Amino acid sequence: MVGNEKKITLGTIYRLLAQLMRDPAEELSDEIISVFYLLLDDLKWNKAKEEVRSALDNSDDFIEDLQTEYTRLFINASPHVIAPPYASVNMPGEGTLYGPISEKTKDFYKSRGYDLDDHDLPDHIVNELEFLAIMADEDQEGLEEFLQSLFRPWFAEFKAKVCRESQHPYYRVTIQLIDFFTKKEEVENGIQHDKA
Amino acid sequence: MAFNMTRRKFLQTASLAAASVPLSKVTARANPPFTPVPLKPSGSFKDTKTVSGGVCEMCFWRCQAVGKVRDGRLVKLEGNPKSIDNGTALCARGNSGVQLLYDPDRLKHPLKNVGKRGDPKWKKISWQEALDECARKLNGVKDKYGGKGISLYPHGSSAVYATNFFEHVIGTENVSEASFFQCRGIRDVAYLETFGMPPGENVDMANAKAMLFIGCHLGENVHLSHLKKYLKGLENGAELIVVDPRFSASAAKANNWVKIKPGTDTAFLVAIMNYLVENGKYDKDFIADYSWDFDKFKEGISHASLEWAADICDIPASQIKEVAETLAAKAPNVSIHPGRHVSWYGNDFQRERALACLTALLGAVGVEGGWVPPKGPSGLGSVSWPKVAHHDKDADMYELTDKYHFHPPGVTPELLMNAAISGEPYPVKAAIIWGQNIFKTIPDQETTKKALQAMDFVMCVDVMPTDITAYADILLPEASYLERYDYIKTGTQWDFSDKHQQFIAPRMPLVDPLFERKDPVWITNELAKKMGYEDQIPVSDQKEKLEKELAPVNLSVAKIKKENGIHIQPGEDPYQVPEDFELSLYNGSLEEKGYPAVPTYTEVEEPPKGYARLLYGRTPVHTFNRSLNNVWLHHEMPENPLWLNDETARKLGIEEGDHVALVNSEGVHSNNTTPVKVTPGIRKDSVYLAHGYGTVSPKMTVTAGKGIDDQRLITKPGVDPETGCYGMRTSFVKLVKSGKVLDIPA
């Protein structure tokens, strides 16, 4: 499906974005960082790339920096976690873990023939990105439906929190990448101007 | 920044050609999270299962519950229909357990503080790394200072197993459970010294002809089966006497509201007892049967005339007499409520002794409507760590300081904090805080901060990242009461006039824990292994522990599950004086240590000119600070309005709903404002707040900046001389409106 080394598919991009949003202590390798930079190059997001590169290069221990920021933003902070990466926390009207949209998300996975093995909740952003990757590879209709009915409705709130509160450009840029690759494209041809 | 490219165009042109490794290889995972499954036709029916075995812990009454669970997700909690205690009901807090379970702020993984204590920077670490560090640091303190170098601040059933490990195996005696010590500890010791046993809240209100509440505000303090007894008593026509400076929810239902001056309740009670004795209106048979030193007692209270008490208590002598007459007329079927949180003014042991003595004078022991300990199930087993530590004889803080000879079990926070800061009488260099937010349970927050900063190591285990967890070096996430096996709730039917029954209801998980949350048996066992005590571990896991506790009464987890979470068996008639009841109206042991042998009123400090006394209490929708971040409960009561006397408000130009701050007599300001509730239902010399509000951090989105933290203003607690417990209604405040400090008029 993705085998072409020279061409890039949306499914592969979603998998990369999922990698970037996983716990950096477990997942982040030099290879992923280098691919991250190349993606930013291809997009011509030069300023964003320089911000990330500068923050990582100027750190004594960039993995620990990312770990503490990852923990603060997405897991626990004292006394309030900033941006839990779950649909049901960010979905207007829910604000809880494992809320109704979590159940709907799990149902959607099953309706498309997939079950979730991971220990985390079905509506964690990493799981949703992994699922988007499958849909992008296999089921264009499922991709669009999932994006519009289950992903985008909560993502805007999450993106706003991360962009406002993040103290490390790595997460701001990653979130903007996710936004870029998941939002509905209103302009079919020509230039789209996004404020990020 | 602006990005000028569409996704479509990017995908058409991008190559990532310079990648040294193909992108598809970089993003490939050995274990992808999704696996294909056979498709189910749409519209498949999804069962919602009823899971029994829930025992609530949104407060400490532990109502029995069932969970409605759908596909592993808890969607609703309800009272267990089989319950003979709370029945099918749960209170607002009980219902909101779902929100606690799925609160996004809940601790999820072990965390290491790579910042500073009090200004943490958290890093997610593995359990292995977290426990290695805990073991290394705790062993380091133990090797250098002995077991007594470690202190514990536990709370509730989840901390029992761990506390037992540190006491029995590591050898520390420095255990301070403020929820007991600063709540009902005084009561239990006072009754122990009067009845030979602690009282619980075991008054048979459902069958009483009169009830006397000193400061109890049932209705604001919601414990379901206790409320059922109270309301049944009222339905049956019991007379209710409520002694309170404030027109509480109970006062609103009272036949007689005694608007007493704060801190003087003991004078009121002693005068009533003296009136009953002088007029021969006490239960002479009961006293003759159970009291040895009645004459000494009589002499000890003989000074307490109605007029003497009226002057102290700022109430009419005729009202005191009226209360005494009502109690005498309804005796022995009277419920003299022992209270629950009783550490108020620093003279509280004597008030509790007076309540016990009054109960005895009225003969209200073991009779309908009186003080009646229930006859609950017996024979359950217990699991304990072996006692291998040799306790250091030099580690008894009370002996070393020659203080607080009638203290409740455990060490007073005052002595522990002092030891941590000064190293006297010996150094305390590690703190294990297990489920207790000691900023909200112990007054004088600055001293607490100093003590924690002086430690070599601070470890916290909790469900939520409460304020105190910001001082942890290692913070461990615990499974909540809905996700673990532990406490066994036992009891009887709530109304003793009904068929006598007993119940046994062990807590069992309704759902599995999410993330890396672990139950306390697992955490303690793993820590014990890493500290080198694997050979002492008494049970391998939480379920085995419960099985061992149930086995002596021929029950098991499987059997209880089959019985829908509650085992019910025939009960016994509780109406009799308990076999081990021993009455000490006059207590020689107290006298030997230099304390009054009969209940004695001691004056408390008056509010200075321009100040009012700060009183605090409960609200029915919150369990103090523990539940404030719960969205559902927050919605019901987001702030804690300040009760202010209407005449005082008029003189100060304050209207209902105005926002005010407070400043205490030591110059400490509240960090938030709160709206004012203008009411004739509070004395002019007092103001009142519900306790627990005033969360500090602006990032605490649900409750940040909402309400005033009364605990912050308690900087000069009283200390009860017999027990060492803090009295916490000892602060005096002025109002601050729009930056201007307002004197409270006399």
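Values reported hereafter were calculated over all heavy atoms of this structure, with side chains retained and with hydrogens, waters and symmetry mates removed. What you see is a predicted model, and the numbers here were worked out from it, not measured in a lab. Below, chain A is the first sequence line, B the second, and so on; all start at residue 1.
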Open item on the list: Is it true that, when you exclude D61(A) itself, more than 12 heavy atoms of the residues, nucleotides or ligands shown sit nearer than 6.0 Å to its CG?
Closed with: yes
Open item on the list: Please determine whether the number of non-hydrogen atoms from other residues, nucleotides or ligands lying under 6.0 Å from atom NZ of K121(B) exceeds 12.
Closed with: no
Open item on the list: So which atom in I75(A) and which in H109(B) form the shortest heavy-atom distance, rounded to 0.1 Å?
Closed with: CG2-CD2, 3.5 Å
Task: Shortest non-hydrogen contact from P104(B) toward V81(A) - done: O-CG1, 3.3 Å
Working to the nearest 0.5 angstrom, can you tell me the gap between [X] [atom1] and [Y] [atom2]?
X: Q67(A); Y: K112(B); atom1: CD; atom2: NZ; result: 10.5 Å
X: D65(A); Y: K123(B); atom1: CG; atom2: NZ; result: 10.0 Å
X: L97(A); Y: F515(B); atom1: CG; atom2: CZ; result: 5.0 Å

Task: Top contributor to chain B contacts, counting heavy-atom pairs under 4.5 Å, from G95(A), S88(A), G99(A), P84(A) - done: G99(A)
TODO: For chain B, find which of T71(A), N76(A), I134(A) contributes the most heavy-atom pairs closer than 4.5 angstrom.
DONE: N76(A)
Part of [X] within contact of chain B (heavy atom distance under 4.5 Å):
X: F131(A); result: both
X: D23(A); result: side chain
X: E130(A); result: both

Task: Flag side-chain contact, heavy atom, 4.5 Å: F34(B) against D115(A) - done: no
- [ ] Indicate yes or no: at least one non-hydrogen side-chain atom of V511(B) is less than 4.5 angstrom from one of Y98(A).
- [x] no
Open item on the list: Does any backbone or side-chain atom of L111(B) lie under 4.5 Å from a heavy atom of chain A? Answer side chain, backbone, both or neither.
Closed with: side chain
Task: Max heavy-atom pair count under 4.5 Å with chain A, selected residue of R73(B), Q99(B), K124(B), R106(B) - done: R73(B)
